[in-house]
Amino acid sequence: MLETAVFLVFALLAVASALVVVLHRNPVYSTMSLVVTLVAIAALFVMLGAPFVASLQVLIYTGAIVVLFLFVVMLLNIGREEASQRGLPQKVTAGLGALAFFAFLATAYVRLYWGAPQAPLTEDFVSMRALALELFTDYLLTFELVGLLLLVAVIAATVLAAKPKHAPEPSGDGSEEVA
Amino acid sequence: MVPVTWYLLLAAVLFAIGTAGALTRRNGITIFLSIELMLNSVNLTLVAYSRLLEDRTGQIVVFFVLAVAAAEAAVGLALFIAVYRHRRTIDLNRINLLRW
C-alpha cells in the first residue's frame, strides 16, 4: 500500500515535470524540470531493485549532463522561444503520433504482462557485487569500447567547440570552450 | 507490490511526451532535452524488464545507454555552440540549409 503510494507520487512527479520540460518556453526552466524528472525516475529505479543504476542516474545525468546543458543554455544566452504562427497542424500531428505510439505500447504491455507473476526482490538481485561481476566479465569488451567512445566524444566536442583558426586570438589547444 | 506493468506504462507515457516535444519544439536545446527524456524512459523500460525477467542484463545495458547519452550530449552541445557561432541562433527553423 505504501509502496503504491510512493510509486504514484514519483510517477506523477515524473510525468508533470516531463510536461514542463516539453512545454515551457524558457530553456532554463525546461532543463531544471528535467532534473526533477530524472530524480523521480531514479527513485523508481530504487523501487525496481536497481539502486546502483539510480545513483549513477543522479550522479551522471543530473550531476554532469544536465549541468552541461545549463552551461550551454547560459553560454548561448537563449531567450524564450517566440510563439509560432504556423505550427498548429504540426503540433496536432506530433501529438496524435505520440498518442498513437503510446496506445500501441500500452496495448502490448497490458496484453503481455498484466497480472504476470512477480517474484519478490532478493538480496542477490539487488547486490552490487553480482552486478559488478557481470559487468566486468561478460560485458568487459563492451565496457572498454564505451570508454573509448567517451574519449572520442570528448575529443570531438573540444574540436567542434574550439575557436576557429581565423579567430583574432590564437586558437590554442582547443581546451577553451567559451565562444 | 507495484506491478511492473505500471512502470512500463509510465515509461511509455514519458516516451510519448518526449516524442511530441522533439517533434514540435524549434529550440535546439529543448529538442535535445526531449531526446534525453526519451532516452531516460527507455532506461526505465530496461530496468523494469530487468526486474520482470529477474535478469541483471537490463541494468548493465542502462550503463551503456548512460555513457552513450553523455557522449551524445557532449558532441551535440558542441555542435550547437559551433552552429551558434556562425548563425547567432539555434532556432531549427532558421538552420535549414540542408532541408528541402
Side-chain angles (χ1 to χ4, degrees), chain A residues 3-4 7 11 14-15 18-19 21-22 27 30-31 34 37-38 41 44-45 48-50 53 56 60 64-65 68-69 72-73 76 78 81 84 87 90-91 94-95 98-99 101-102 105-106 109-110 113-114 116 118-119 125 130-131 134-135 139 142 146 149-150 153-154 156-157 160-161 179, chain B residues 1-10 12-21 23-27 29-30 32-34 36-37 40-41 43-44 47-48 50-52 54 56-57 59-60 62-64 66-75 77-82 84-85 90-91 93:
Chain A
E3 198 190 336
T4 312
F7 172 84
V15 170
L19 283 173
V21 170
V22 167
S30 292
T31 315
L34 186 70
T37 318
L38 296 178
I41 292 179
L44 296 178
F45 284 167
L48 282 168
V53 176
L56 276 187
I60 298 180
I65 299 183
L68 192 65
F69 273 97
V72 173
V73 170
L76 304 187
I78 306 155
E81 196 176 314
S84 65
Q90 187 195 5
K91 283 192 173 108
L99 203 65
F101 186 69
F102 168 72
L105 276 184
Y109 287 151
V110 168
Y113 303 118
W114 196 257
Q118 196 172 325
F125 183 72
L131 187 70
E134 201 166 325
L135 182 61
Y139 295 92
T142 325
V146 163
L149 174 75
L150 280 174
V154 167
L160 280 172
Chain B
M1 193 184 300
V2 182
V4 173
T5 320
W6 292 15
Y7 292 93
L8 292 171
L9 289 175
L10 172 66
V13 170
L14 292 177
F15 193 90
I17 293 174
T19 317
L23 289 177
T24 52
R25 300 310 299 269
R26 293 168 303 134
N27 179 341
I29 295 281
T30 317
F32 224 165
L33 288 173
S34 306
E36 294 294 329
L37 189 62
N40 224 262
S41 79
N43 282 352
L44 184 58
V47 174
S50 135
R51 172 84 179 82
L52 184 75
E54 296 285 320
R56 253 180 250 99
T57 311
Q59 299 182 20
I60 287 169
V62 170
F63 295 154
F64 300 142
L66 271 176
V68 173
E72 171 242 347
V75 175
L77 291 172
L79 276 173
F80 278 140
I81 290 177
Y84 186 81
R85 200 173 278 146
I90 53 164
D91 185 330
N93 280 358

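Hydrogens, waters and symmetry mates play no part in the numbers below; they use all other heavy atoms, side chains included. Small disclaimer: the values here were computed from a predicted structure and weren't measured. Here is how names work: the chains are called A, B, and so on, in the same order as the sequence lines, proteins then strands, and each is numbered from 1.
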Task: Given B:N27, B:L33, B:I29, the one that forms side-chain contact (heavy atoms from CB on, under 4.5 Å) with A:S30 - done: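 It is B:L33, the one option of B:N27, B:L33, B:I29 that forms the side-chain contact (heavy atoms from CB on, under 4.5 Å) with A:S30.
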Checking heavy atoms, do the side chain of [X], its backbone, both or neither come under 4.5 Å from chain A?
X: B:L44; answer: both
X: B:Y7; answer: both
X: B:E36; answer: both
X: B:V2; answer: both
X: B:L52; answer: side chain

Relative to chain B, which segment of [X] carries a heavy atom at a distance below 4.5 Å: side chain, backbone, both, or neither?
X: A:A64; value: neither
X: A:L19; value: both
X: A:L105; value: side chain
X: A:V146; value: side chain

Count the heavy-atom pairs under 4.5 Å between each of [options] and chain B, then report the option with the highest count.
options: A:V21, A:I60, A:V15; result: A:V15
options: A:G49, A:A106, A:A98; result: A:A98
options: A:L34, A:V110, A:V72, A:L131; result: A:L131
options: A:A11, A:G95, A:A156; result: A:A11
options: A:F101, A:F7, A:F45, A:F102; result: A:F7
options: A:L99, A:L38, A:L44; result: A:L44

- [ ] Count the heavy-atom pairs under 4.5 Å between each of B:V62, B:L9, B:L77, B:I90 and chain A, then report the option with the highest count.
- [x]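 Ranked by contacts with chain A, first place is B:L77.
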Task: Closest-packed option against chain A by number of heavy-atom pairs under 4.5 Å, given B:T19, B:V68, B:L79, B:V13 - done: B:V13
Taking all atoms of both residues into account, what is the closest heavy-atom pair of [X] and [Y], and its distance?
X: A:V22; Y: B:G21; value: CG1-CA, 3.3 Å
X: A:L68; Y: B:A74; value: CD2-CA, 3.9 Å
X: B:L14; Y: A:A18; value: CD2-CB, 3.7 Å
X: A:T4; Y: B:W6; value: CG2-CZ3, 3.6 Å
X: B:P3; Y: A:Q118; value: CA-OE1, 3.5 Å
X: B:A69; Y: A:I65; value: C-CD1, 4.1 Å

Report yes or no: does [X] contribute a side-chain atom to a donor-acceptor pair with the main-chain N or O of [Y] at less than 3.5 Å?
X: B:T5; Y: A:Y113; result: yes
X: A:Q90; Y: B:L23; result: yes
X: A:Y109; Y: B:L8; result: no
X: B:Q59; Y: A:V53; result: no
X: B:R51; Y: A:A50; result: no

Between [atom1] on residue [X] and [atom2] on residue [Y], distance to nearest 0.5 Å:
X: B:F63; Y: A:T142; atom1: CZ; atom2: OG1; value: 13.0 Å
X: B:F32; Y: A:T31; atom1: CZ; atom2: OG1; value: 12.0 Å
X: B:N40; Y: A:I41; atom1: CG; atom2: CD1; value: 4.0 Å
X: A:L160; Y: B:R85; atom1: CG; atom2: CZ; value: 10.0 Å

Task: Beyond-backbone contact of B:T57 with A:Y139, side-chain heavy atoms, under 4.5 angstrom - done: yes
- [ ] Check whether any side-chain heavy atom of A:F125 sits under 4.5 Å from a side-chain heavy atom of B:S50, and report yes or no.
- [x]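 Yes; the side chains approach each other to less than 4.5 Å.
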